[in-house]
Amino acid sequence: MQLDGLTAFCTASGAGIGLATARALRAEGARVIATDISEDALAPLAGEGIETHRLDVTDGAAVAALAESVGAVDILFNCAGFVHHGTILDCDEEDFDFSMGLNVKGTYRVTRALLPAMLENGGGSIITVASVASSIIAAPNRFVYSATKAALIGMTKSIAADYVTQGIRANAICPGTVESPSLQGRMRAQGDYETARAAFVARQPMGRIGAPEEIADLAVFLAGPRSSFITGQAIAIDGGWSNT
Ligand code: NAD
């Protein structure tokens, strides 16, 4: 299998894209260390040959302690993120700090904690889940979310440039709309579920919402040797949304 002998560390593995990716990495032979803020959400993975640890990426001490105990990994999958709904005027300073703290600083914190051992170990692949709603395209009511995801693309490119000669590759996955518990919540929050769902579907010219497993397939590719010449890229996977 393409990831035999490799160790993957994943955040936000309890649902959606993170859950599908932890399973896909394991299915390709990786040893998977799956983390999430919710211990309950991780419970099913424990019976699937996946190591699980509760981890809130906004908790610096917890991130440092787990990174220390885990040591060198070959694959880092940064998935933790929150979607704030609204414009700049809907986003007060608390909202701004929460999204920046989770999406941007959480990713920075986990990557910075794991990178030294990856470098000592000869390198690895860092994959960060951004979004097409970022520096790629605009989406209405995604003010601070898009700012955080654009920041993740910038961070990815910077890390890729700084460590390209030391065996590190860093790439960002930029999904369009993907089925997940939080997407369901965003649809319900709009009041009329069917109308909201139709609007989310319509964003993709393919006329459907993506499956988490489709994103996981790209993550597996970026994690392993088949993508060995790819670094510093923000790869859209969005049913054609950003092509319109
Ligand atoms: P989701 O939002 O439904 O679930 C995310 C998981 O993150 C949950 O298990 C939750 O417990 C965990 N989590 C929340 N806060 C955390 C924290 N502080 N530390 C660790 N884990 C935490 O899943 P999703 O919609 O697949 O989103 C995953 C990632 O993909 C996010 O970064 C999101 O922005 C990104 N993304 C999602 C979509 C989409 O349409 N679903 C599109 C583009 C990008």
Side-chain angles (χ1 to χ4, degrees), residues 9-24 33-45 52-63 66 76-85 97-111 113 127-137 139 141-142 144-153 155-156 172-189 196-197 199-204 206 208-216 218-219 234-239 241-242:
F9 185 97
C10 308
T11 69
S13 306
I17 293 168
L19 176 62
T21 300
R23 286 178 165 148
I33 301 160
T35 72
D36 197 283
I37 194 171
S38 164
E39 224 157 3
D40 288 349
L42 289 169
L45 290 177
T52 59
H53 296 271
R54 183 185 180 275
L55 182 68
D56 174 356
V57 301
T58 69
D59 180 343
V63 169
L66 188 56
L76 167 57
F77 184 68
N78 286 310
C79 188
F82 171 74
V83 182
H84 175 267
H85 179 89
D97 289 345
F98 179 81
S99 286
M100 285 291 171
L102 172 48
N103 300 9
V104 181
K105 198 168 180 185
T107 301
Y108 148 82
R109 183 181 288 119
V110 172
T111 306
I127 303 150
T128 297
V129 182
S131 172
V132 283
S134 56
S135 48
I136 300 178
I137 57 169
N141 291 309
R142 290 290 177 269
V144 72
Y145 179 73
S146 300
T148 66
K149 295 301 188 177
L152 293 179
I153 292 172
M155 278 168 43
T156 295
I173 292 180
C174 301
T177 314
V178 178
E179 201 61 72
S180 74
S182 68
L183 177 67
Q184 288 294 329
R186 288 191 288 282
M187 290 172 179
R188 281 194 299 273
R197 186 169 182 93
F200 277 111
V201 167
R203 301 199 300 194
Q204 284 73 226
M206 283 189 187
R208 67 176 177 87
I209 288 170
E213 292 74 18
E214 292 176 292
I215 313 304
L218 177 56
I235 302 172
I237 172 163
D238 64 354
W241 184 6
S242 61

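For ligands, and for the atoms within them, numbers begin at 1 and follow the listed sequence.
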K.L.:
Testing I33, V129, T11 one by one against F77 for a side chain to side chain contact (heavy atoms under 4.5 Å, CB included), which residue passes?
P.N.:
V129
K.L.:
Between ligand 1 and C79, is the shortest N or O to N or O distance under 3.5 Å?
P.N.:
yes
K.L.:
Can you confirm whether more than 12 heavy atoms, excluding those of F82, are under 6.0 Å from its CZ atom?
P.N.:
yes
K.L.:
Who passes salt bridge (charged side-chain N to carboxylate O under 4.0 Å, His left out) against R142, sequence neighbours left out?
P.N.:
none
K.L.:
Among C174, S180, A133, which one has a heavy atom closest to atom 25 (O) of ligand 1?
P.N.:
S180
K.L.:
Under a heavy-atom criterion of less than 4.0 Å, does G18 contact ligand 1?
P.N.:
no
K.L.:
Quick one: does any side-chain atom of R54 pair with a main-chain N or O of S38 as donor and acceptor, under 3.5 Å?
P.N.:
no
K.L.:
Say whether Q184 and ligand 1 are in contact under the criterion: heavy-atom distance to a ligand atom below 4.0 Å.
P.N.:
no
K.L.:
Yes or no: does G210 have any heavy atom under 4.0 Å from an atom of ligand 1?
P.N.:
no
K.L.:
Within a distance under 4.0 Å of any heavy atom of S182, pick out the atoms of ligand 1 and give their elements.
P.N.:
1 (P), 2 (O), 3 (O), 25 (O)
K.L.:
How long is the straight-line distance from NZ of K149 back to OG1 of T128, given to the nearest 0.5 Å?
P.N.:
9.0 Å
K.L.:
Does any N or O of ligand 1 fall below 3.5 Å from an N or O anywhere on F82, backbone included?
P.N.:
no
K.L.:
Consider every N or O of S38 and every N or O of ligand 1, then say whether any pair is closer than 3.5 Å.
P.N.:
no
K.L.:
Among A15, S99, G81, which residue places a heavy atom closest to atom 4 (O) of ligand 1?
P.N.:
A15
K.L.:
Any nitrogen or oxygen of D56 lying under 3.5 Å from a nitrogen or oxygen in ligand 1? Just yes or no.
P.N.:
yes
K.L.:
For V57, is at least one N or O under 3.5 Å away from an N or O on ligand 1?
P.N.:
yes
K.L.:
Under the salt bridge (charged side-chain N to carboxylate O under 4.0 Å, His left out) rule, collect the residues that match up with R188, sequence neighbours excluded.
P.N.:
none
K.L.:
Could an N or O of ligand 1 be found under 3.5 Å from any N or O of I17, whether backbone or side chain?
P.N.:
yes
K.L.:
Protein heavy atom under 4.0 angstrom of atom 27 (O) of ligand 1, is there one?
P.N.:
no
K.L.:
For ligand 1, which atoms have a heavy atom of Y145 less than 4.0 angstrom away?
P.N.:
33 (C), 34 (O), 35 (C), 36 (N), 43 (C), 44 (C)
K.L.:
So for P212, does at least one of its heavy atoms come nearer than 4.0 angstrom to any atom of ligand 1?
P.N.:
no
K.L.:
Considering only heavy atoms, which of T11, D36, T35 lies nearest to atom 10 (C) of ligand 1?
P.N.:
D36
K.L.:
Quick check on G176 - does any of its heavy atoms sit under 4.0 Å from an atom of ligand 1?
P.N.:
yes
K.L.:
Is it the case that atom CD in Q184 sees more than 12 heavy atoms from other parts of the structure closer than 6.0 Å?
P.N.:
yes
K.L.:
For G14, take its heavy atoms, then give the atoms of ligand 1 lying under 4.0 Å from any of them.
P.N.:
9 (O)
K.L.:
As an exercise, identify every atom of ligand 1 less than 4.0 angstrom from a heavy atom of L102.
P.N.:
17 (C), 18 (N)
